[in-house]
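None of these values were measured; they are calculated from a predicted model.
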Amino acid sequence: MSATVSFSLPSPRGPRTVTVSYARVGAGEPLLLLHGIGHHRQAWDPVVHILAAERDVIAVDLPGFGESPPLPEGLTHDLGTVVPVLGALCEALEIDRPHVAGNSLGGLLALELGREKLVRSVTAFSPAGFWSQAERRYAFGVLLAMRHTARRMPVPAVERLSRTAAGRAVLTGTIYARPGRRSPEAVVAETLALAHAEGFAETLRAGATVQFTDDVPGLPVTVAWGTRDRLLVRRQGIRAKHIIPRARLVRLPGCGHVPMNDDPALVARVILDGSR
């Protein structure tokens, strides 16, 4: 069941009201789940029920994605703004230093939250920011092509493609190693989420200068990479390990860029092991 929360954030032009959509389920220590660019919180659906047995799970639609409206005028969709937004979200929900797990953009945000000491552990699945410039340009080109396709394709065509495993591979094969496992309804919903994501363009522009270069000392960090990640290639995980030397680097056999659907049990285990 989704809910929304609104809170105030300072801006150069005075306080602004930010609204964030989220779903919360389970009991235990709090765990914040952050999706990637152009996606929505339902990316985590395959693992939420497993995690909820041991954690108070809060799956978030990032500002400008899913059901969350974009940031108001005066606030930009960059790390320097979205990280404080997530900190303020936790305050509004009365969550004290949650565990956090993120994928892609969400993984980068999770690591930034860790660097700011706003969380108690970080699990990052194929996090952005460990790319070479050539790798970043490639990833951004793929994302732009996916967005262009999603925006141009009529909904009946998306629905028709989603009904077959081959069609789901056409729509989501870039991010999933096993797209046939995704339900038709989920594929339609995430294709529409990508098409309608109001924060996409500004978030992508802000990412052009992002490079994660600092250690995340003083808390448990796990970096996990799918062996079949076609968007952010897995050698970026080796770079992450060099930058965060105490991080646990985990290989996800047979998983793509968004591993939650490819192997839910493995992803849930990695998160739970990293957030003890």
Do [X] and [Y] have side-chain heavy atoms sitting under 4.5 Å apart?
| X | Y | result |
| --- | --- | --- |
| Ser104 | Ser126 | no |
| Leu266 | Pro259 | no |
| Val223 | Phe125 | no |
| Asp273 | Arg248 | yes |
| Val267 | Asn261 | no |
| Arg24 | Ile95 | yes |
| Val20 | Thr4 | no |
| Val270 | Leu252 | yes |

May I ask you to decide whether [X] forms a salt bridge with [Y], counting only side-chain N to carboxylate O separations under 4.0 Å?
| X | Y | answer |
| --- | --- | --- |
| Arg178 | Asp262 | no |
| Arg115 | Asp214 | yes |
| Arg168 | Glu190 | no |
| Glu54 | Arg276 | yes |
| Glu73 | Arg16 | no |

Sidechain-backbone polar pair: Arg205 side chain, Asp78 backbone, donor-acceptor under 3.5 Å | no
Just by modelled atom types, is the His196 backbone N or O under 3.5 Å from a matching donor or acceptor in the Arg151 side chain?
->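 Not a single qualifying donor-acceptor pair exists.
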Distance-minimising heavy-atom pair for [X] and [Y]:
| X | Y | answer |
| --- | --- | --- |
| Ser11 | Gly74 | CB-O, 3.6 Å |
| Pro70 | Glu198 | CD-OE2, 3.6 Å |
| Gly173 | Pro179 | CA-CG, 4.1 Å |
| Pro127 | Gly107 | CB-C, 3.7 Å |
| Gly87 | Leu118 | CA-CD1, 4.4 Å |
| Val85 | Pro63 | CG1-CG, 4.0 Å |

Test side chain to side chain donor-acceptor pair (under 3.5 Å) applied to Arg136 - qualifying residues, sequence neighbours left out | Gln133
Would a hydrophobic clustering, with Ile, Leu, Val, Met, Phe, Trp and Tyr connected at side-chain separations under 4.5 Å, put [X] with [Y]?
| X | Y | result |
| --- | --- | --- |
| Leu272 | Val119 | yes |
| Val233 | Val250 | no |
| Val122 | Val47 | yes |
| Val57 | Ile50 | no |
| Leu192 | Leu144 | no |

Using distance alone, with no hydrogens and no angle criterion, decide if Asp61 and His40 have a side-chain donor and acceptor under 3.5 Å apart.
-> no
Return yes if a side-chain donor-acceptor contact under 3.5 Å exists between Arg55 and Ser275, otherwise no.
-> yes
Assess the pair Phe212 and Trp131: is the distance between their ring centroids shorter than 6.0 Å?
-> no
Pairwise distance CD1(Ile37) to CG(Leu194) - rounded to 0.5 angstrom |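 Here the rounded value is 9.0 Å.
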Phe130 vs Trp225 aromatic rings, parallel, tilted or perpendicular, using cut-offs 30° and 60°?
->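 Perpendicular, since the angle between the ring planes exceeds 60°.
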Would you check, one step at a time, whether the test side chain to side chain donor-acceptor pair (under 3.5 Å) holds for Ser6 with Thr19?
-> CA-CA 4 Å; Ser6 297; Thr19 300; 2.7 Å; yes
Criterion side chain to side chain donor-acceptor pair (under 3.5 Å) on Arg182 and Tyr176, from CA distance to verdict | CA-CA 9 Å; Arg182 198 78 167 128; Tyr176 298 124; 3.0 Å; yes
